[in-house]
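Hydrogens, waters and symmetry mates play no part in the numbers below; they use all other heavy atoms, side chains included.
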Amino acid sequence: LDILRADHERVKLLFQRAEAESDMGTKKQIASRLFDELTVHSKLEETIVYPAIRAASAKGQEQIAEATEEHHVVDV
């Protein structure tokens, strides 16, 4: 969970940097890094976190189904 929290913070900061940046070349570099960070983050959730939550509770099943759908939308 600490890794995921750190990922969330890194992505949040990258979005803030991208919004504040005026140079398009730098924005593209930040966007590329954002895509990489989000890909790693999604894979961590999908392979480690989601299976653990699914196994823990029925309520977790519903939350994971929603999160999985959100990941699919981001992937598309």
Side-chain angles (χ1 to χ4, degrees):
L1 291 176
D2 289 339
I3 292 170
L4 290 175
R5 284 187 190 109
D7 285 347
H8 277 237
E9 189 60 29
R10 251 190 320 276
V11 167
K12 180 180 172 183
L13 292 173
L14 285 168
F15 272 113
Q16 290 171 350
R17 282 185 53 207
E19 288 176 354
E21 183 59 54
S22 60
D23 179 68
M24 287 307 291
T26 303
K27 275 187 182 275
K28 286 180 182 180
Q29 289 175 341
I30 295 169
S32 177
R33 184 158 173 219
L34 264 167
F35 290 135
D36 292 343
E37 292 284 344
L38 288 170
T39 299
V40 170
H41 180 82
S42 292
K43 294 304 173 197
L44 280 171
E45 286 182 335
E46 292 167 5
T47 59
I48 297 171
V49 177
Y50 293 175
I53 294 172
R54 274 190 196 104
S57 73
K59 184 176 180 181
Q61 303 269 346
E62 295 170 20
Q63 293 170 330
I64 296 308
E66 182 178 329
T68 300
E69 178 61 27
E70 289 173 356
H71 278 210
H72 174 70
V73 170
V74 169
D75 289 343
V76 171

Any pair with a residue in residues 12-23 that passes side-chain hydrogen bond (donor to acceptor under 3.5 Å, both in side chains), sequence neighbours left out, goes on the list, sorted by first then second residue, please.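 Of all non-adjacent pairs touching residues 12-23, those that pass side-chain hydrogen bond (donor to acceptor under 3.5 Å, both in side chains) are D23-T26.
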Path from I48 to L4 over hydrophobic side-chain contacts below 4.5 Å: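 Looking at the clustering, L4 is in the same group as I48.
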Say whether V40 and F35 are linked into one hydrophobic cluster, either directly or through other cluster members, by side-chain heavy-atom distances under 4.5 angstrom.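 No.
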Checking I3 now: which residues fulfil side-chain contact (heavy atoms from CB on, under 4.5 Å) with it, not counting sequence neighbours?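 I3 satisfies side-chain contact (heavy atoms from CB on, under 4.5 Å) with D7, L44 only.
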Partners passing side-chain contact (heavy atoms from CB on, under 4.5 Å) against T39 (at least two apart in sequence or in another chain):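 Partners of T39 by the side-chain contact (heavy atoms from CB on, under 4.5 Å) criterion come out as none, since no residue qualifies.
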Please give me the minimum heavy-atom distance between P51 and E46, naming the atom from each residue.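 Closest approach of P51 to E46: CD-O, 3.4 Å.
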Spatial distance of atom [atom1] ([X]) from atom [atom2] ([Y]) [nearest 0.5 Å]:
| X | Y | atom1 | atom2 | answer |
| --- | --- | --- | --- | --- |
| L14 | D36 | CG | CG | 10.0 Å |
| L34 | K28 | CG | NZ | 15.5 Å |
| L38 | R33 | CG | CZ | 11.5 Å |

Checking side-chain contact (heavy atoms from CB on, under 4.5 Å) against H41, which of E45, E37, K43 comes through?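 With H41 as partner, side-chain contact (heavy atoms from CB on, under 4.5 Å) holds for just one option, E45.
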Walk me through whether E9 and R5 qualify under side chain to side chain contact (heavy atoms under 4.5 Å, CB included). CA-CA 6 Å; E9 189 60 29; R5 284 187 190 109; over 6 Å; no
